[in-house]
Q: 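Sharing a structure here in structure tokens format.
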Amino acid sequence: MAKQRKRKIPRRRPRPGEQTSSTWQQGHEFHIAGNGQPPDSKMLEQMTNEFRESIRNSPIWQQMVDQFGAERAEQMLLEIRGEVRQ
């Protein structure tokens with residue numbers, strides 16, 4: 001029997017000016033890397049608020065409230081903030 005070759009699937013390269021990004025979690029930190037200009041303070045605040053809201057709507061929020069109480073869970077949520085590193 002002859003060995004079959006797998007056909008390579010060509011990867012599409014990003015077009016100039018096209019946004020590409022990557023996200024990952026390392027320990028307790030959530031990272032986003034992408035090309036282009038870094039976000040301004042308004043955009044960073046919006047990203048932080050959206051992430052906080054996603055935590056409020058996730059099952060982990062109820063676990064935080066049960067374990068720490070509503071007031072402390074809210075404080076912990078407000079401690080979450082986005083920052084730009086270069």
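Note that these values count all heavy atoms, side chains included, but never hydrogens, waters or copies made by symmetry.
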Q: Would you list the atom pairs, donor with acceptor, under 3.5 Å between side chains in residues 67-80 and any protein atom, with sequence neighbours excluded?
A:
residue : atom : partner : partner atom : Å
Arg72   : NH1  : Glu79   : OE2          : 3.4
Glu74   : OE2  : Arg56   : NH2          : 2.5

Q: Got a sec, which residues hit side-chain contact (heavy atoms from CB on, under 4.5 Å) with Pro59, two or more places apart in sequence or on another chain?
A: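 So Pro59 forms no side-chain contact (heavy atoms from CB on, under 4.5 Å) with any residue.
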
Q: Applying side-chain contact (heavy atoms from CB on, under 4.5 Å), name anything that partners Asp66, two or more places apart in sequence or on another chain.
A: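 Once residues adjacent in sequence are excluded, the partners of Asp66 under the side-chain contact (heavy atoms from CB on, under 4.5 Å) criterion are Gln62.
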
Q: I'd like to check the side-chain contact (heavy atoms from CB on, under 4.5 Å) partners of Gln26; sequence neighbours left out, ordered by chain and number.
A: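 Checked Gln26 against side-chain contact (heavy atoms from CB on, under 4.5 Å); matches are Trp24, His31.
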
Q: Rounded to the nearest 0.5 Å, what separates atom CE in Met47 from atom CZ in Arg81?
A: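 Rounded to the nearest 0.5 Å, the CE-CZ separation comes out at 14.5 Å.
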
Q: Can you tell me how far the CD atom of Glu45 sits from the CG atom of Asp40, to the nearest 0.5 Å?
A: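 Answer rounded to 0.5 Å: 11.0 Å.
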
